[in-house]
Amino acid sequence: MLQVSVLKEQTDRVLAGLTKRNFPNAEAEVQRVLELDQRRRQLQTEHDSAQAEANKLAQQIGALMKSGDKAGAEELKTRTATLKQQTKTAAEELTGVEKELQDALYRIPNVPHDSVPAGRSADDNEVVREVGNKPELPGGALPHWDLIKKLDIIDFELGNKITGAGFPVYKGQGARLQRALINFFLDEAMAAGYTEMQPPILINEASGYGTGQLPDKEGQMYHATADDLYLIPTAEVPITNLYRDEIIAAERLPIRNAGYTPCFRREAGSWGAHVRGLNRLHQFDKVEIVEIDLPERSYQTLEHMLGHIEQLLQKLELPYRVLRLCGGDMGFTSALTYDLEVWSAAQQRWLEVSSCSNFETYQANRLKLRYRDENNKTQLLHTLNGSALALPRIVAALLENNQQADGTIRLPEVLHRYCGFAQLG
RNA sequence: AGAGAGGUGGCAGAGUGGUCGAAUGCGACGGAUUCGAAAUCCGUUAUACGGGCAACCGUAUCGGGGGUUCGAAUCCCCCCCUCUCUGCCA
C-alpha cells in the first residue's frame, strides 16, 4: 500500500498516476484517505492526553496509598473514572478509523513510474525491443500439445487421473528437460550473483498479506484449511517475506535472491480459449529472482534484472520481445513492469514467460521492510522481482520452434549437458 | 497425536501488582588510555504513532486478543507459536 505521507505531499503526482491506470474515482478515494488520516490524528491526540492524565493520577494514587491517605486516594479515583471512559471511547473510535484507513489504502494501486505509457489493455503495451528471428517451420509442424503427445513426454490424462485438470505428469525426456531447465536457470542466477534460497511452498496468512496476495486475491491461492496455510502462487511470496518486519543495514544491500519452487494457481474462472496445453496450468515450475535495494538504485536494479532474464532467453535461442506494460495492464502493486514474451511458432503468438517489476515501497510498506538513512531514520526499501524463468511456456516454445522435418526436436546447445541428450524423440 | 515446559530489548537472561521500556551479561557504536591494537574504564544503544521548526514532550508495545484494577511484563480467560519427551515417519 501507498504511504499516507505520499498521498498528502504528492497528491497531484498520485492522481496523475492513477489516471494513467484508469483507476476510477481516484480523487474521491485519495480524499477519503486524507480525511480518515486527519480524523485518526485527532483521535490519537485526544486519546493520548486523556491517558497521560490518567497515568499521572494513577501514580499519585499509588503515592497516597503508600502514605496511608486512603481518603485522598479515593477522591482521585473518582476523577480517573471519567478519564477511563474518555480513553476507551477514543480508543474504540480510533481502532475503527484505523481499520477504515487501511481498507481505503488497500484499494489504491501503486503509482506508475513516469516511463509507463498510458493505455487501457494489453494492446497499448509498448514494445521496447524484439530480439531473435522467428523460425520457419517445416511442413506439418504441430502445436506443442500435439508434440508432447507424440513424443509421450508430458501426460495430461495421467494428471487428470491422479489429481485433476491442469496438473500434468512429466515423463522420461519431459521430466529430464524440466530438471535441466531448473538447474540451468539456477546456475545462471548463481553466476549472476544471486543467492539460492529454498523456501517452504506453504505460507501462513501474515505472509499472504505481506506481499499483497491477501486479502484481495484469496481465491487465486490453494488454501489448506486444516492448518490455515496457503500454497504459494510464486516464490516471490516466501522469499520476499523473509525480510518482513526487518530493518536492514544499508551495507547488506542489495539483497539478491533466487529460488526454484513449484507454483500453484487456482486460476478460478480464467479457463477457456488460449489456455490449451502448457499455456496455463494449476501447478508449474519457476525460478524467481527477488531483489531488495535502496530507493535511489532500484531502477538500475530493475534494468539489471531484465538483462539477466534476456540473457537466459538468448542462450535458449528463443526469439522474444520486451514489453513495457501500460497503466491499464499493469499489476495493482507494481510501479513499472516489463513482460518478456517468447514467440511460439506453431501457435503464431507471443507467450508471456516472465514479468519483471519494481514495486518501489508499495510492498515494503505492508512488509515493514526498512533501512536506516544517513540521518539514522528508518525508511522503506524498494522490492523487485522477476521470473527467471517460468518453465511451461518455455517448454512450449522450445518444442514448437525447434521441431525438425523428421519429427524430432532440436534442443539449444546450452541445455545438452543438463539434459544428457541433444534432441527430443 | 499425547504429556510437560516456555514465549521479555540485536542476542542471552532477570523481573510475580506502582518509582519497569524493563536489572545484568554479550554484541554494536562513541570516547578515554595506546605509536597502533588487545585488555581496561566512561558513555550511548528498540519500534510505531501523535504534538513540535527543533531541542524535546506524550502515548502504546514484555507472543496476539479480551478481562480484573486507580494502576498489569506480573493476576484471570481465550487463541497462536516454540521447545522437550513419547508416538508416528522421509
Side-chain angles (χ1 to χ4, degrees), chain A residues 1-9 33-105 198-210 214-215 223-230 238 241-253 255 262 361 364-381:
Chain A
M1 62 186 158
L2 292 171
Q3 299 164 87
V4 176
S5 60
V6 170
L7 296 183
K8 194 152 65 180
E9 289 154 23
V33 167
L34 296 182
E35 279 164 15
L36 284 167
D37 181 58
Q38 181 83 28
R39 182 71 186 133
R40 190 190 112 258
R41 287 155 183 271
Q42 195 185 337
L43 286 166
Q44 175 94 45
T45 305
E46 277 174 31
H47 171 270
D48 284 4
S49 52
Q51 186 63 252
E53 196 180 340
N55 287 347
K56 217 168 272 169
L57 283 174
Q59 223 162 33
Q60 288 170 17
I61 290 168
L64 289 172
M65 298 283 245
K66 207 162 268 180
S67 67
D69 184 358
K70 286 235 161 91
E74 285 305 321
E75 198 185 319
L76 290 184
K77 276 192 196 181
T78 56
R79 167 76 185 130
T80 59
T82 329
L83 286 170
K84 208 176 161 183
Q85 192 51 46
Q86 274 177 27
T87 39
K88 201 180 165 195
T89 316
E92 275 166 8
E93 201 183 333
L94 187 58
T95 309
V97 168
E98 277 172 347
K99 173 85 171 63
E100 281 182 70
L101 178 59
Q102 198 179 51
D103 289 347
L105 280 170
Q198 214 173 95
I201 59 176
L202 283 141
I203 49 133
N204 57 28
E205 198 180 41
S207 297
Y209 277 95
L214 294 174
H223 188 187
T225 50
D227 297 288
D228 203 18
L229 297 172
Y230 295 86
N241 270 285
L242 257 19
Y243 304 93
R244 171 153 47 86
D245 295 321
E246 296 277 336
I247 298 172
I248 295 176
E251 54 272 21
R252 279 179 64 200
L253 298 167
I255 286 172
T361 60
N365 194 24
R366 278 204 202 184
L367 289 162
K368 297 208 185 64
L369 167 52
R370 294 152 294 167
Y371 73 105
R372 283 184 201 286
D373 66 15
E374 57 279 9
N375 300 319
N376 219 30
K377 281 189 65 176
T378 57
Q379 303 284 356
L380 294 174
L381 282 162

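So that the names make sense, note that chain A is the first sequence line, chain B the second, and so on, each numbered from 1. All values below come from the heavy atoms of this structure, side chains included, with hydrogens, waters and symmetry mates left out.
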Here the distance between atom C1' of B/rC70 and atom CG of A/Leu76, to the nearest Å, is 9 Å

Between CD1 of A/Ile247 and C1' of B/rA28 the distance, given in whole Å, is 15 Å

In whole angstroms, the gap separating P of B/rA72 from CD1 of A/Ile61 amounts to 12 Å

A/Arg372 atom CZ is separated from B/rA46 atom P, nearest whole Å, by 9 Å

C1' spacing across the pair B/rG51 / B/rG43, given as an integer number of angstrom:
30 Å

If you measure from the P atom in B/rG9 to the same atom in B/rU74, how many Å do you get, rounded? 15 Å

Euclidean distance for P, B/rG21 against B/rU16 (whole angstrom)
15 Å

Heavy-atom nearest pair, A/Ile248 first then A/Ile255, reads CD1-CD1, 3.6 Å

To the nearest angstrom, the CZ-C1' distance between A/Arg244 and B/rU47 comes to 17 Å

Rounded to whole Å, CD of A/Glu246 lies from C1' of B/rA46 at a distance of 14 Å

Report yes if some heavy atom in the side chain of A/Thr95 is under 4.5 Å from a heavy atom in the side chain of A/Lys99; otherwise report no.
no

Out of B/rA60, B/rC49, B/rG71, minimum distance to the side chain of A/Gln44 belongs to B/rC49

Notebook entry, point to check: Does a side-chain heavy-atom distance below 4.5 Å link A/Asn241 with A/Ile203?
Noted result: no

Closest of B/rG58, B/rU47, B/rG18 to the A/Asp48 side chain is B/rG58

Problem set entry | Short side-chain N/O contact from A/Arg370 to OP1 or OP2 of B/rA48, under 4.0 Å | yes

A/Lys88 atom NZ is separated from B/rU59 atom P, nearest whole Å, by 21 Å

**Item:** Short side-chain N/O contact from A/Asn55 to OP1 or OP2 of B/rA60, under 4.0 Å
**Value:** yes

